[in-house]
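Worth knowing before you read on, the calculation uses all heavy atoms, side chains too, and leaves out hydrogens, waters and symmetry mates. One is the number of the first residue; the rest follow in order along the sequence.
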Amino acid sequence: MKIKKLGLLAFGKFKNKIIDLKDGINIIYAENEGGKSTCHSFIDGIFYGFSKDNLKSRNKDELFNKYKPWQGTDYKGFIEIEKRDLYRVFRDFNEDEVEVLNLTRGEDISDHPSFKKYSRIKEPGVYFFSMTRPLFKSTFYIRQMDSQIDKSAQETVKEKISNFLTSRDQDFSYKSLLKRLEGDLEDLGKDTRSKTKIGTRKTELEKIDQKKLIFEEDRKKYFHMLDLLRDEEEKLAFEEKNYYRQKSSDFNKLKNEIKGLEEEISQNKENHISLEDFQRALEINKEIQANFSLIDRLNSNELEDLKEVNYDLEKDYFAYQEFRTEIDELNSINYSKEMEFLSKDLGASKKLKNIYLGLTFLGILLGFLIIIGSVYIKKYFLTAVSLIFFLYSYLRFVKFRVNRELVYRLKIRMDDLKNKSMVKTARKRNFDKIFSAMAKKYDLEDSSSLNEFLSSKMKINDKMRISNEYKLERKEDREKRNIELEEKIESLNKSLKDIFQKFGAENINNFKEKYRLQDLSLKENRLNNLKNKLEDFKDFVPEEFLEEFEDKNLDEIKENINNIKLNISKIKGQINALESSLEVLKNLNERQAFLKGELEKLYYQRDYTELALNNLKKILGENRQEILPKLREKIAEIISELTNNKYDEIFIDEGYNISCYDRGNSKYVSLEDISRGTCDQLYFAFRMAIIFILFPEDFPIILDDHFANYDDLRLECVLEYLKNFDQLIIFTSNKREIEILNKKQIDYNLINMR
């Protein structure tokens, strides 16, 4: 597999930067702050993105903001890869959207299931490299070996090799995992250890059982108070029913008194404006004003102007349809075919006419010959035979005349058809001229699209006609509504005028003044007082009770009700006080259930932690026995080539202490005794060994300033070793690699980032 092209469309400091990569060695040169690290991180970002895969949300990691362009809103790029087929991987970093195209086959594989095999975020690197991001960065994606502040470079190499031997990941330590599992097991603890997670919950459960005994008496008292509350509420319901019955009785008495008083007043107030007449006059006047307002609103809603319908186009459309119908009718008549059949009939009739004419002359000739012959031989009786031939000639002559008449009629028909054919042709030419004129009239290039044009315009015309009809309907409705309202106003005015005439009022203001000034009797005052009292029964619906009840004063019943409510309030207060105790008891029960569930989970967690710890120890031993010999052999092979056979043997003991066999001194040398440069070579050999062991397929190797600590001799050796790789991408900020490659005449592809 090879990377063919890097497209930094909008990434970091780059805008539309395209980098073409080739087979073999590719040197990407840039001075410090020249964009080398940006380009290096771009490859990682395209394949694995810059988002943290969180179950609840997708958060951007620190690299997202680091390489976000300062100008513009775009943040995107692409990489072209050759893996049997040519692929293009595009990523929009803002939206975290990925598009992957197989350019060879013309297929879009953006939704391939492997992209989300290990993450909810699309990772094309899983599809192309068959590995996760951590594994990719632990193998083919090689940076300069990091030096830790509190450890030497030798200790770093030892730790990474130890991690790989146990977990197959140089940056993940199973030792720390073992330590963490043992710590987790210690934290979980046992029932008898009160300071552990299990022990603290066990102790709390015992304390809860003791507290629950205190609140049991309160629970019994609570239910007793509930019974008392129920009895008092039944008493309250009974008294409220009595109150309702008494109020119904008082209400009916009041209504009857008002009714009687109204009857008395009506008998003495024939010449007075009654309250009903006054209210009715006000309502009629109010309704008249409302109708006038409604008319004003109706008239204020102006209709939109009617849209102009193109009647000239409609005329052309219907004319065009008539012409097309006539053309279809003309095309349905085939005069040429009819003339062809007529020509055949004419020829046959002419032939028969000539035959019958010839036979007529032949019969006459034979008749005369027989007469001449009979006279010549003096047998005159033979002349009678000539009559047969003359009769035959006469019959043939009749046939001749019939065919001659037929020929004449056929010729007339033939001429008629020729004339009709000429007329048809002329008519069709005339239609073509008419259609051309129509097309020219509507600025059409030719008459072929005339039908479609006229039809589309006719649809628009129809819509405008319908719209106009709707507007006219609305106008008619409004006028009809206005007439109805005016008629209603007229009727209301008549009713109002009748009231005014009845009491001698001129207008509504005069009517109001008369009502205000009229003398009200004591009975009316009494009536008003009763009606005001009736307000106390507002929204009250009386009920007829069949059973008799004791007639009491409403105030007395109210007092009983208030006393019962006071008792209920006291009981509820005691219940509320007891409910706090029950709430504590409820919380204790819930806490007890929660702790039991927690304790069950902790027991389960302790069991599977012990199981995981035992299995992990077993796996570590098996991995070490399986991987260590292969890794040791491959590291030795590579370090031997990198050091010109100075170190050609590696030894790793049980404690992961690493020694190199120094052939010059014929002895094993520990990491602490070798130089930093040799340690860097050993780390590089370790990374290469991982690649050879885990990945038989060829992938591009990406190196970011990895040889900064190499002297020239070591750099020559490593470049000589790498020259035969399928594809190598070296990011560098100095020109040593370029100079050595030129010196050794090794082909390479130089990309200068300036």
Glu234 CD: over 12 foreign heavy atoms closer than 6.0 Å: yes
Pair Ser41-Tyr67, side-chain donor/acceptor within less than 3.5 Å: yes
Minimal heavy-atom distance between Asp74 and Ala10, with the atoms involved, is O-CB, 3.6 Å
Criterion side-chain contact (heavy atoms from CB on, under 4.5 Å) on Leu101 and Glu99, from CA distance to verdict: CA-CA 7 Å; Leu101 301 176; Glu99 180 185 70; 3.9 Å; yes
Taking all atoms of both residues into account, what is the closest heavy-atom pair of Ile284 and Ser495, and its distance? CD1-CB, 4.0 Å
Rounded to the nearest 0.5 Å, what's the gap from CG on Asn509 to CG on Asn285? Could you check? 8.5 Å
Can you find a pair of side-chain heavy atoms, one from Tyr87 and one from Ile79, that are under 4.5 Å apart? no
Please determine whether side-chain contact (heavy atoms from CB on, under 4.5 Å) holds for the pair Ile46 and Phe90, giving the CA-CA distance in whole Å, both sets of side-chain angles, and the decisive distance to 0.1 Å. CA-CA 7 Å; Ile46 287 290; Phe90 172 87; over 6 Å; no
Heavy-atom check, side chain of Lys286 versus side chain of Leu282, under 4.5 Å: no
Value rounded to 0.5 Å, distance of OG in Ser569 from CG in Asn562: 11.5 Å
Determine yes or no for a side-chain-to-main-chain donor-acceptor pair under 3.5 angstrom, with Arg91 supplying the side chain and Gly45 the backbone. yes
Are the ring centres of Tyr75 and Phe93 closer than 6.0 Å? yes
Check this for me: Lys117, atom NZ, are more than 12 non-hydrogen atoms of other residues, nucleotides or ligands nearer than 6.0 Å? no
Report yes or no: does Ser110 contribute a side-chain atom to a donor-acceptor pair with the main-chain N or O of Val100 at less than 3.5 Å? yes
So Phe42 and Phe11, would you call those rings parallel, tilted or perpendicular, with 30° and 60° as cut-offs? perpendicular
Below 4.0 angstrom, N of the basic side chain to O of the carboxylate: do Lys122 and Asp96 qualify? no
Is the shortest distance from a Lys or Arg side-chain nitrogen in Lys488 or Glu287 to a carboxylate oxygen in the other one below 4.0 Å? yes
Glu123 and Phe115: side-chain contact (heavy atoms from CB on, under 4.5 Å), yes or no, with the steps? CA-CA 5 Å; Glu123 297 181 334; Phe115 293 171; 5.8 Å; no
With Asn493, which residues qualify under side chain to side chain contact (heavy atoms under 4.5 Å, CB included), at least two apart? Ile288, Ile489
How long is the gap from NE2 on His112 to CD on Glu107, to the nearest 0.5 Å? 10.0 Å
Distance check, rounded to the nearest 0.5 Å: Glu95 atom CD versus Lys76 atom NZ? 11.5 Å
Could you check whether any side-chain heavy atom of Tyr127 comes within less than 4.5 Å of a side-chain heavy atom of Val89, counting everything from C-beta outward? no
Using side-chain contact (heavy atoms from CB on, under 4.5 Å), reason through Phe47 and Val126 one step at a time and then give a plain yes or no. CA-CA 8 Å; Phe47 286 124; Val126 176; over 6 Å; no
Within this structure, what is the CD-OG distance for the pair Glu487 and Ser491, rounded to the nearest 0.5 Å? 9.5 Å
Nearest-0.5 Å distance that lies between atom NZ in Lys565 and atom CD in Glu232: 13.5 Å
